[in-house]
Amino acid sequence: MSPLRLGWQLFLPWEWTNAPDCCRRIGVPQGTSHLAKWRLVLSLLDTLGRWQVKTPGNRRRHTT
């Protein structure tokens, strides 16, 4: 199975999003907020679903 690039989503720790000066210095777009890792994962899985990508868990097994 080859890797699949879903998109780039940056995980920002909560502490970072509460320090707007730090975010501005490192180039984080204004208005970007913290999102829990599990929510990022669900978002990526939703993207897979919209693309109708077959993942190892939903492929049919062929028997010979």
Side-chain angles (χ1 to χ4, degrees):
M1 183 166 91
S2 62
L4 175 66
R5 187 176 309 162
L6 294 177
W8 299 101
Q9 293 189 19
L10 177 64
F11 170 74
L12 288 176
W14 181 81
E15 297 83 7
W16 285 28
T17 57
N18 285 336
D21 292 337
C22 291
C23 287
R24 188 173 48 257
R25 278 195 315 266
I26 62 172
V28 175
Q30 188 174 4
T32 303
S33 61
H34 167 77
L35 193 61
K37 288 179 184 179
W38 64 271
R39 289 191 185 271
L40 287 172
V41 170
L42 289 180
S43 172
L44 292 172
L45 290 173
D46 286 343
T47 300
L48 276 177
R50 284 191 306 276
W51 291 352
Q52 298 181 352
V53 172
K54 299 295 183 199
T55 60
N58 68 3
R59 289 186 182 164
R60 293 180 187 227
R61 297 181 188 264
H62 296 285
T63 57
T64 55

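Since the structure is predicted, the reported quantities are computational estimates derived from the model, not experimental observations. This chain uses plain numbering: 1 for the first residue, then up along the sequence.
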Check your understanding: Looking only at heavy atoms, what is the nearest atom pair of Trp14 and His34, with distance?
Key ->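 Where Trp14 meets His34 most closely, the heavy atoms are N-ND1, 3.3 Å.
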Point to revise | Residue pairs fulfilling salt bridge (charged side-chain N to carboxylate O under 4.0 Å, His left out) with at least one residue in residues 24-48, sequence neighbours excluded | key: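 For residues 24-48, and leaving out neighbouring residues, the salt bridge (charged side-chain N to carboxylate O under 4.0 Å, His left out) pairs sorted by first residue read Asp21-Arg24.
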Point to revise | Spatial distance of atom CG (Leu40) from atom CG (Leu45) [nearest 0.5 Å] | key: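 Leu40 CG to Leu45 CG: 11.0 Å, rounded to 0.5 Å.
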Practice item. Using side-chain contact (heavy atoms from CB on, under 4.5 Å) as the criterion, list what pairs up with Leu12, not counting sequence neighbours. Key: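 Leu12 satisfies side-chain contact (heavy atoms from CB on, under 4.5 Å) with Leu10, Trp16, Thr17, Val28, Thr32 only.
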